[in-house]
Amino acid sequence: GRVVNRGILYVGISSVATVLFCAMVGLATALVGEFYFQWENALAAGLTAMAIVVCLGWIRDRFQKSLDRSFYREKYRLDKAVRQLGAAVERLVAPAQLARQLLQGARDTIGAERGIVYLRDDDDKVFLAADRITWPSAPERLQPDHPLLTELAISGALKRTSSGAGARALHAFGAELGYLLEVEGTVIGAAFFGPRDDGDPYTPEDQNFVSTLARTTTLALSTAQGHRTILSLKEELQTKVDKISEQQRRIMYLQGELLS
C-alpha cells in the first residue's frame with residue numbers, strides 16, 4: 001500500500017543520489033587530473049581533490065538527512081513527542097499537561113483531527129476528562145461500566161475498522177481509535193482519537209505510533225503520581241514532626257514552671 005510505495009520511492013531516490021555523488025566525485029577527480037595535476041604540484045592537486053570530495057560528501061549527507069525527514073517525518077515527530085513526555089516527567093508536571101502532550105503528539109504524528117484523554121479519579125472511581133482537542137461533544141466523565149471502557153479492559157486497544165462490540169462502541173462515541181492507559185494491572189485512564197484530518201484511514205504504522213505515545217504517557221503519569229505521593233508523604237511527615245516539636249517545647253515549658 002502507501003507505506004510500501006513510499007519505501008520503494010525512498011530507496012529509489014537514495015540510490016539515484018548515491019550514483020550522482022559517485023559520478024560527481026569521479027568527474028571532479030578527472031577534471032583535477034586533466035587540468036591541474038602536474039608532478040611538481042601533486043600535493044596541491046591531491047589536497048584539492050580531497051577538499052572536493054569532503055564538500056560533496058557534506059552536500060550528500062545534508063540531502064540524505066533532508067530526505068529522511070521528508071519520508072519519515074512521523075518518526076521524527078514521534079521521537080520529539082516522546083522526549084517532551086520524558087522532560088515533563090522530570091519537571092513533575094500535572095496530569096492534565098501530560099494528557100495535552102499525548103493529544104498534541106497524536107495530532108502531530110498521525111494527524112488526529114480530535115482527541116480526548118480520561119483519567120481515573122481515585123475517590124469516586126469515575127473517569128474524568130483531563131484534556132481534549134476540538135471535541136466539545138465528548139462527555140465530561142465516563143462511568144467504569146461504560147461500553148468503551150468495558151471493551152478496552154478486555155483488549156487494551158480498539159480500532160473502528162475492526163468488527164465486534166468494541167468497534168460499535170467506538171462508532172457510537174465518534175472515535176476511530178481507543179487506548180487503555182494501564183500500568184502493572186492498574187488502570188490510570190483511557191485515550192480516544194477521532195479521524196485523520198486528511199480523511200485517510202489510519203495505517204498500522206499510525207496505530208503503532210499512537211500506541212507508543214499512549215504507553216509512554218502511561219509510564220509518565222505513573223511516575224508523576226509516584227513523585228506526588230512521595231512529596232505528599234514528606235509534607236505529612238514534616239507536619240507531624242513539627243507538631244511533636246511543638247509538644248516537646250510545651251512539655252519543657254511546663255516542667256520549668258513546675259520546678260520553679
Side-chain angles (χ1 to χ4, degrees), residues 2-3 6 65-66 68-120 127-140 142 148-149 152 155-161 166 170 173-184 186-228:
R2 185 180 63 179
V3 175
R6 285 174 62 86
K65 289 181 180 179
S66 176
D68 290 343
R69 289 186 178 275
S70 176
F71 276 80
Y72 299 107
R73 61 170 59 93
E74 292 85 358
K75 176 182 179 297
Y76 285 98
R77 289 174 178 173
L78 176 64
D79 291 341
K80 179 181 177 182
V82 171
R83 287 196 302 269
Q84 289 176 343
L85 286 170
V89 174
E90 295 177 358
R91 296 194 305 270
L92 301 181
V93 302
Q97 187 172 344
L98 290 172
R100 165 62 60 164
Q101 291 189 358
L102 169 58
L103 296 174
Q104 192 61 50
R107 193 171 194 175
D108 292 340
T109 54
I110 66 171
E113 183 181 48
R114 59 178 182 266
I116 187 168
V117 174
Y118 293 93
L119 297 180
R120 184 172 179 265
F127 290 76
L128 303 177
D131 202 355
R132 68 182 74 200
I133 291 182
T134 63
W135 206 338
S137 60
E140 188 65 30
L142 296 178
L148 271 178
L149 298 177
L152 278 177
S155 60
L158 298 172
K159 55 183 179 180
R160 189 171 175 179
T161 55
L170 280 177
F173 193 79
E176 295 287 332
L177 300 173
Y179 295 89
L180 189 68
L181 306 181
E182 180 183 22
V183 59
E184 296 182 352
T186 301
V187 177
I188 298 177
F192 303 99
F193 304 95
R196 288 175 58 113
D197 51 13
D198 58 8
D200 291 340
Y202 289 113
T203 65
E205 187 180 26
D206 293 336
Q207 297 171 35
N208 290 334
F209 281 154
V210 181
S211 178
T212 300
L213 284 176
R215 288 195 300 268
T216 305
T217 301
T218 301
L219 293 175
L221 287 168
S222 178
T223 303
Q225 179 62 39
H227 284 310
R228 286 192 299 273

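Smallest separation of non-hydrogen atoms from A191 and V117: CB-CG2, 4.1 Å. Of all the heavy atoms in A99 and D131, the pair that sits closest is CB-CB, 4.1 Å. Across all their heavy atoms, G189 and L180 have their closest contact at O-CD1, 3.7 Å. Closest approach of D200 to D198, counting heavy atoms only: N-OD1, 3.0 Å. Taking every heavy atom of both residues into account, A214 and L181 meet most closely at O-CD2, 3.8 Å. When all heavy atoms of A138 and I116 are compared, the pair lying nearest together is CB-CD1, 3.6 Å.
Applying side-chain contact (heavy atoms from CB on, under 4.5 Å) to L170 and the options T161, L177, L158 leaves one that passes, L158.
The shortest distance between side-chain heavy atoms of E176 and Y202 falls below 4.5 Å.
Applying the side chain to side chain contact (heavy atoms under 4.5 Å, CB included) test to Q104 and every residue at least two apart in sequence or in another chain returns R100, R107, D108, I133. With sequence neighbours left out, F127 forms a ring pair (Phe, Tyr, Trp, His ring centres under 6.0 Å) with no residue at all. Applying the side chain to side chain contact (heavy atoms under 4.5 Å, CB included) rule to A157 yields the partners Y179; only residues at least two apart in sequence or on another chain are considered. Applying the salt bridge (Lys or Arg N to Asp or Glu O under 4.0 Å) test to R120 and every residue at least two apart in sequence or in another chain returns D122. Legend: residues meeting salt bridge (Lys or Arg N to Asp or Glu O under 4.0 Å) with E113, ordered by chain and number and at least two apart, are absent. For R114, the side chain to side chain contact (heavy atoms under 4.5 Å, CB included) partners are T134, W135, P195, not counting sequence neighbours.
Of the inter-residue distances, the one linking I110 atom CD1 with R196 atom CZ reads 7.0 Å to the nearest 0.5 angstrom. Here L213 contributes atom CG and T218 contributes atom OG1; the two are 10.5 Å apart, rounded to the nearest 0.5 Å. Here L119 contributes atom CG and T217 contributes atom OG1; the two are 10.0 Å apart, rounded to the nearest 0.5 Å.
A perpendicular orientation is assigned to the rings of Y118 and F173, their planes being inclined by more than 60° (bins at 30° and 60°).
Between the side chains of N208 and S211, no donor N or O sits under 3.5 Å from an acceptor N or O.
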